[in-house]
Amino acid sequence: MSAPLPSAPKGASDLVFTGFGESLTAAWIDVNNDAFAGHNEQGAWTVEDFRSRQRLAWWDPAGLRIGMSGNEIAAFCWTKVVGPGVGEIYVIGVAARFQGLGYGPAMTSEGLRYLYEDRNCSTGELYADGANKRALRVYAKLGFEVSATDRSFTNTGTKRLG
């Protein structure tokens, strides 16, 4: 999905936004794993998994936007610049106990604000599972439209003919 920036209205929330700081590593991993419990790629990260992403060329600690509720991380929006003027929402997570409070849209808006104002991006992109209708509705309200569709197929076995 993609949207011209600035496209997203400021999300209404009581979160305080900041960029990532090393002192938040353990807490961020806990929130990530909580937000994605049961997800086979995102839900069981270790410090080394996180460090491997930090070694990628696009890593920007300020681009990992953190939403604080009091003294704890409630949510995050990890962004990256993927080309001239193009920023991507890489992953959004909301700790389980904070879900349903509007923090997902608020974090998405904060990520897009960061990409537009701080990284001079004029287009925002994100990937969403077509089966996740709730997320698709949220992104559509933020100005995103489907710009490409990828399909994935699995082999479920061999069917005998005849």
Side-chain angles (χ1 to χ4, degrees), residues 1-20 24 27-46 49-50 53 56 58-60 63-69 72-83 85-119 121-157 159:
M1 300 183 82
S2 63
L5 299 180
S7 64
K10 183 175 168 95
S13 84
D14 57 351
L15 294 175
V16 174
F17 301 116
T18 185
F20 176 78
L24 298 174
W28 181 85
I29 291 170
D30 288 345
V31 169
N32 178 77
N33 291 345
D34 181 50
F36 292 99
H39 189 281
N40 60 350
E41 291 179 18
Q42 191 73 24
W45 275 34
T46 65
D49 293 324
F50 185 53
R53 297 312 188 288
L56 296 173
W58 54 261
W59 165 248
D60 171 15
L64 176 46
R65 306 304 299 160
I66 304 294
M68 300 294 292
S69 178
E72 65 182 307
I73 299 174
F76 65 90
C77 178
W78 196 342
T79 68
K80 64 180 180 175
V81 175
V82 295
V86 181
E88 178 185 316
I89 301 292
Y90 179 57
V91 65
I92 300 165
V94 179
R97 76 181 204 88
F98 291 103
Q99 291 177 3
L101 300 176
Y103 290 172
M107 288 308 312
T108 304
S109 294
E110 169 59 13
L112 295 172
R113 183 216 56 79
Y114 171 79
L115 290 168
Y116 179 72
E117 292 180 9
D118 296 1
R119 297 304 305 268
C121 293
S122 58
T123 301
E125 296 180 339
L126 57 80
Y127 297 88
D129 185 333
N132 190 342
K133 300 301 183 197
R134 182 173 177 230
L136 295 174
R137 283 192 302 274
V138 167
Y139 300 142
K141 285 180 184 176
L142 294 173
F144 281 86
E145 295 180 356
V146 174
S147 55
T149 302
D150 295 324
R151 298 210 192 302
S152 143
F153 300 94
T154 60
N155 183 357
T156 59
K159 183 176 182 181

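Predicted model only: the values in this text are computed from it and were never measured.
With contacts defined as side-chain heavy-atom distances shorter than 4.5 Å, the pair Ile89/Glu125 does not qualify. Here the side chains of Trp58 and Val82 are not in contact, with every heavy-atom distance at 4.5 Å or above. In this structure the side chain of Asp60 reaches within 4.5 angstrom of the side chain of Tyr114, judged on heavy atoms. Using a 4.5 Å heavy-atom threshold, the side chains of Val138 and Phe144 count as separate. Two residues are said to be in side-chain contact when any heavy atoms from C-beta on lie closer than 4.5 Å; Phe36 and Val91 meet this criterion. For the pair Met1 and Leu136, the minimum side-chain heavy-atom distance is below 4.5 Å.
For the atom pair CZ (Arg53) and NZ (Lys80), the distance works out to 9.5 Å, reported to the nearest 0.5 Å. Taking CG of Leu15 as the start and CD1 of Ile73 as the end, the distance is 11.5 Å to the nearest 0.5 Å. Taking CG of Leu64 as the reference point, atom CG of Leu24 lies at 8.5 Å (rounded to 0.5 Å). Rounded to the nearest 0.5 angstrom, Ile92 CD1 and Thr79 OG1 are separated by 10.5 Å. Between atom CG of residue Leu112 and atom CD of residue Glu88 there is a gap of 11.5 Å, rounded to the nearest 0.5 Å. Distance check, rounded to the nearest 0.5 Å: CG of Asn132 to OH of Tyr139 gives 7.0 Å.
When all heavy atoms are compared, the tightest approach of Ala95 to Ala35 is N-CB, 4.3 Å. Here the closest heavy-atom approach between residue Cys121 and residue Val81 is recorded as SG-CG2, 4.1 Å. The two residues Leu142 and Ser109 come nearest to each other via the heavy atoms CD2-OG, 3.6 Å. In terms of heavy-atom proximity, Arg65 sits nearest to Gly111 at CG-CA, 4.3 Å.
Under the 3.5 Å distance criterion, the side-chain polar atoms of Thr46 are matched with a main-chain donor or acceptor of Asp49. Using modelled atom types, one side-chain atom of Gln99 and one backbone atom of Val94 make a donor-acceptor pair closer than 3.5 Å.
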(message) Run the side-chain contact (heavy atoms from CB on, under 4.5 Å) test on Asp14 and Tyr103 for me, step by step, so that the C-alpha distance in whole Å, both residues' side-chain angles and the decisive distance to 0.1 Å come before the verdict.
(response) CA-CA 9 Å; Asp14 57 351; Tyr103 290 172; 2.5 Å; yes
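Between Phe20 and Trp28, the ring centre distance reaches or exceeds 6.0 Å.
For Tyr116, the side chain to side chain donor-acceptor pair (under 3.5 Å) test picks out no residue, with sequence neighbours left out. With sequence neighbours left out, Arg113 forms a side chain to side chain donor-acceptor pair (under 3.5 Å) with Glu110, Glu117.
Between Tyr90 and the options Tyr127, Trp78, Trp59, a ring pair (Phe, Tyr, Trp, His ring centres under 6.0 Å) holds for only Trp78.
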